[in-house]
**Q** 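Let me give you the structure first, and then I'll get to my questions.
First the proteins, then the strands, lettered A, B, ... as listed; each starts at 1.
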Number of protein chains: 2
Amino acid sequence: MDETAPPKGTVTQRAIDSIKALIGEGRLEPGQRLPTERDLAAQLGISRSSMREAIRALTVLGVLEARHGSGIYVTQLEAGDLLETFGVVADLSRGPRLVELLEVRRILESTATALAAARITPDQLAEVEKHLTAMNATDDPEEILAHDLAFHREIAAAAGNDTMAAILEGLSSRTFRARVWRGYQEEGAFTRTRREHAAIHRALVARDPEAARAAAASHVGEVEEWLRSQLGA
Amino acid sequence: MDETAPPKGTVTQRAIDSIKALIGEGRLEPGQRLPTERDLAAQLGISRSSMREAIRALTVLGVLEARHGSGIYVTQLEAGDLLETFGVVADLSRGPRLVELLEVRRILESTATALAAARITPDQLAEVEKHLTAMNATDDPEEILAHDLAFHREIAAAAGNDTMAAILEGLSSRTFRARVWRGYQEEGAFTRTRREHAAIHRALVARDPEAARAAAASHVGEVEEWLRSQLGA
DNA sequence: ACCGCTCATGTGGTCCGACCACTACGGCGG
DNA sequence: CCGCCGTAGTGGTCGGACCACATGAGCGGT
């Protein structure tokens, strides 16, 4: 009947849940500093080693941030912090799951682009155009990819949903895109990609959400179809 | 120029990246067993403590699975394994971000329901109906919630995209739904919810994707709007 | 009085060695 | 041939020691 020490699973897991609960209950605010590892361990009656594992776990989840020599802090708990792990999923996926991820991206990206068409500000639009022209002005695949990513990132940001933008960021993470793009662009998809980007841009300028949605869906869908055919071959 | 020992960040982080790379390169297959903690630590020239932290980190990410007394194994790396952490995001979010998450869910859920309308099998449809009737046959909020979750889960599964289903699962995770639902249902939303579920079901039976999309979007949108108004108040 | 450097303090990062809890497997006895 | 049981090996926990780094107080010079 001892409520204070419910012998759940492993000690470390208990520590993870405890800290997560503290944040969930609002007893730990974003940005706030936690007690030292030694104190935390003492409070829960566990060893420092176990507490360190718990902290490390919450660190990779983007919940905590450890600064060497300074202390442990709660992150801002913003979408970007927490959804960084989404990139891991993309990186470790392959085969059929890559297509599924691309399908999710198509759905979200098309909606985000449609929203952006309605909400984008002149400043944001200028930023988008900057990457569009820079993308068309070079032949270095590396540079093209970077501007391509930025192009879509700016659009996602203009949609006004940080969470959606963070998810899309994960779905376009460096290694993920690089792996798919390598093969895709070898088939001379450059010109097609440029045309699609131009179509998206036109829709944004015209503030036409439906056209933007269609253009974005088509854009991602092209890659999706290509990947699907690659897996079948 | 020593490529074998690039002194990156922390030792533990290096270990995490190393194991992740092993899996990414396909040198570690899903389900495969890893060497012991002691051996792994020795191979990378680090202490067992640091290696344990790395393993713990990859464990919470759903990449590895440690079985006490048996060994460490690579998970199946399926969508469900890797996207479990998505639930953490939902649990720790509040305020405006809850609305953003519901918006993402609305987009994905409506598409998933539309796909399900076209692809659902008789068996799957029967399962959906089971939860629908069970949901309407009780007054216990706890039980209603359980069947509600199962109702949408079956539909998501019928859509045929495991990744999407896993994300939706995270967006409907226990505590997340419970928190929002508590207030939502206090306003006598039961009847409205039942009507909406019935509409979704009708669309599935009729195999009408567009109707299904609209019904699902409306269903989630109702909660979304309610939550938005709550935040404004 | 002010600025800059130094160094003591406290923090997270790493390592070690020991022991505990559990699983798996093989051998012994029925 | 089957089932029990012991043992070896695994992850889980612990405690303590030392290292690397960040911070701020205090000293020195200006």
**Q** In this structure, how many angstroms lie between the C1' atom of D/dT10 and the CG atom of B/Leu34, rounded?
**A** 13 Å
**Q** Each nucleotide in nucleotides 13-23 of chain D should get exactly one letter: B, S or -. Can you fill that in based on protein heavy atoms under 4.0 Å?
**A** BBB-BB-BBS-
**Q** Name every donor-acceptor pair, under 3.5 Å, that has one atom in a side chain of residues 226-233 of chain B and the other anywhere in the protein, sequence neighbours excluded.
**A**
unit_1   : atom_1 : unit_2   : atom_2 : d
B/Trp226 : NE1    : B/Glu187 : OE1    : 3.3
B/Trp226 : NE1    : B/Glu187 : OE2    : 3.1
B/Arg228 : NE     : B/Glu225 : OE2    : 3.2
B/Arg228 : NH2    : B/Glu224 : OE2    : 2.6
B/Ser229 : OG     : B/Trp226 : O      : 2.6

**Q** Between B/His152 and B/His197, is a side-chain hydrogen bond (donor to acceptor under 3.5 Å, both in side chains) present by the stated rule, with each step listed?
**A** CA-CA 9 Å; B/His152 290 290; B/His197 279 167; 3.3 Å; yes
**Q** Applying side-chain contact (heavy atoms from CB on, under 4.5 Å), name anything that partners B/Thr12, two or more places apart in sequence or on another chain.
**A** A/Arg56, B/Thr10, B/Ile16, B/Ser50, B/Glu53, B/Ala54
**Q** Calculate the interatomic distance between B/Met51 atom CE and C/dC16 atom P; express it in whole Å.
**A** 13 Å
**Q** Going by side-chain contact (heavy atoms from CB on, under 4.5 Å), name the residues that satisfy it together with B/Asp140, two or more places apart in sequence or in a different chain.
**A**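 If we apply the side-chain contact (heavy atoms from CB on, under 4.5 Å) test to B/Asp140, skipping adjacent residues, the hits are B/Thr138, B/Glu142, B/Glu143.
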**Q** Rounded to whole angstroms, how far apart are CD1 on A/Ile72 and P on C/dG10?
**A**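 A/Ile72 atom CD1 is separated from C/dG10 atom P by 17 Å.
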**Q** Taking side-chain contact (heavy atoms from CB on, under 4.5 Å) as the test, write out the residues that go with A/Arg177, two or more places apart.
**A** A/Arg105, A/Leu145, A/Asp148, A/Leu149, A/Ser172, A/Trp181
**Q** Figure out the CD/C1' separation between A/Glu65 and C/dG13, and round it to whole Å.
**A**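 Answer to the nearest Å: 16 Å.
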**Q** Enumerate the salt bridge (charged side-chain N to carboxylate O under 4.0 Å, His left out) contacts for residues 84-93 of chain A, please, sequence neighbours excluded, ordered by first and then second residue.
**A** none
